[in-house]
Undergrad: 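Got a structure for you, written out below as structure tokens; questions coming shortly.
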Amino acid sequence: MQEETAFRELYEIYKELVYNLALHYVRLPEDAEDLTQEVFVKLYRHRQQHDPALASMKTWISRITINHCLDFIRRKKARKRFGVITSLFSREKENETGFADLQHPGIIAEDREELGALLDLINSLPEKQRTALILMKIEDFSQKEAAEIMNTSPKAVESLLQRAKQQLEKKWVDRKGLHRE
Amino acid sequence: MNIDKELEKLNRIRRVEPPLFLYTRIRAGIEELPRQQAPLKWRLATVGIFVILLALNIGTLRQRYAATRSTEILQMASSMQLSNSNELYHE
């Protein structure tokens with residue numbers, strides 16, 4: 001009973017963090033719900049493995065969530081390579097960039113097109129750059145916190161962010177050029 | 001194009017609350033988990049104990065079987081008045 005209350009408390013504290021992180025990665029509320037559920041079940045199963053001396057609860061949970069989201073995206077991409085038929089039954093529609101159409105409930109309708117394009121580009125970045133950008137530019141984590149979550153140094157995070165920005169700029173220009181043609 | 005300015009637009013993304021039913025789903029997911037298994041060390045120790053017991057049992061059975069066999073042979077030898085003496089004739 002006491003364990004259940006403690007778990008409920010943990011859920012109440014971190015549910016928003018897990019759900020929103022998942023949403024930034026997968027963009028579909030249904031997928032984000034599935035991922036949030038899986039992350040909390042995983043947290044419950046491995047609750048004894050958290051070592052406060054190594055990482056804070058927030059860092060630990062963020063790390064598990066991000067790894068879970070990246071695994072989910074990798075699995076999905078692998079399935080897509082083989083599954084022409086499954087795409088017929090897929091619950092999401094893809095846009096021209098190959099990502100699911102933006103259904104992020106945190107983005108209002110007027111911003112959907114503009115932010116959707118930006119998120120498309122962010123999602124096309126390599127995993128580490130994407131994570132650095134999501135953590136620092138959307139979730140407002142400090143460089144130090146992002147470094148802890150990504151299990152790297154703050155300097156490495158800074159460099160990842162710089163490279164992410166350079167790549168985004170290049171992709172943005174290419175995209176604009178393509179649209180003009 | 002200033003990428004920092006573009007990235008500032010990401011601040012317009014609002015934080016979202018997960019749906020209320022999600023906790024119930026999570027609890028259901030937890031209840032579906034298989035019962036917690038004993039640690040590997042304990043499982044290996046149990047298997048080890050079983051192997052030792054089995055080996056001891058087999059050893060005891062074989063010893064008993066060998067002992068019975070030799071008694072039976074001796075009984076048969078004595079009933080047939082077979083002698084293992086080196087003397088050819090009972091002189």
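Proteins get letters first, then strands, A, B, ... in listed order; numbering begins at 1 in each.
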Undergrad: Under 4.0 Å between a side-chain nitrogen and a carboxylate oxygen: does that hold for A:Glu38 and A:Lys42?
TA: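 No salt bridge links A:Glu38 with A:Lys42.
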Undergrad: May I ask you to establish whether A:Arg8 and A:Tyr11 are in a cation-pi arrangement, using a distance under 6.0 Å from NZ or CZ to the six-membered ring centre and at most 45° from the ring axis?
TA: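 Relative to the ring axis of A:Tyr11, which defines the angle, A:Arg8 lies outside at least one limit.
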Undergrad: For a quick test of reading the model, state the closest non-hydrogen atom pair linking A:Phe141 to A:Lys58 and the distance between them.
TA: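 Nearest heavy atoms, A:Phe141 then A:Lys58: CE2-CE, 3.5 Å.
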Undergrad: At what distance, to the nearest 0.5 angstrom, does CD of A:Gln129 lie from CG of A:Leu161?
TA: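 Reported value, rounded in 0.5 Å steps: 9.5 Å.
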Undergrad: Quick check on the structure: residues of residues 9-30 of chain B within a heavy-atom distance below 4.5 Å of chain A, by number.
TA: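 When heavy atoms of chain A are the reference, residues 9-30 of chain B contributes B:Lys9, B:Leu10, B:Asn11, B:Arg12, B:Ile13, B:Arg14, B:Arg15, B:Val16, B:Glu17, B:Pro18, B:Pro19, B:Phe21, B:Leu22, B:Tyr23, B:Arg25, B:Ile26, B:Arg27, B:Gly29, B:Ile30 within the under-4.5 Å range.
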Undergrad: If you count heavy-atom pairs under 4.5 Å between each of A:Gln166, A:Lys15, A:Glu12, A:Lys137 and chain B, which one has the most?
TA: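 Sorted descending by pairs with chain B, the first entry is A:Lys15.
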Undergrad: Which pair of non-hydrogen atoms, one from A:Ala147 and one from A:Val157, has the smallest distance, and what is that distance?
TA: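 Heavy atoms only, the tightest pair is CA-CG2, 3.5 Å.
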Undergrad: Assess whether a salt bridge exists between A:Arg74 and A:Asp71, defined as any Lys/Arg side-chain N lying under 4.0 Å from an Asp/Glu carboxylate O.
TA: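 Salt bridge: yes.
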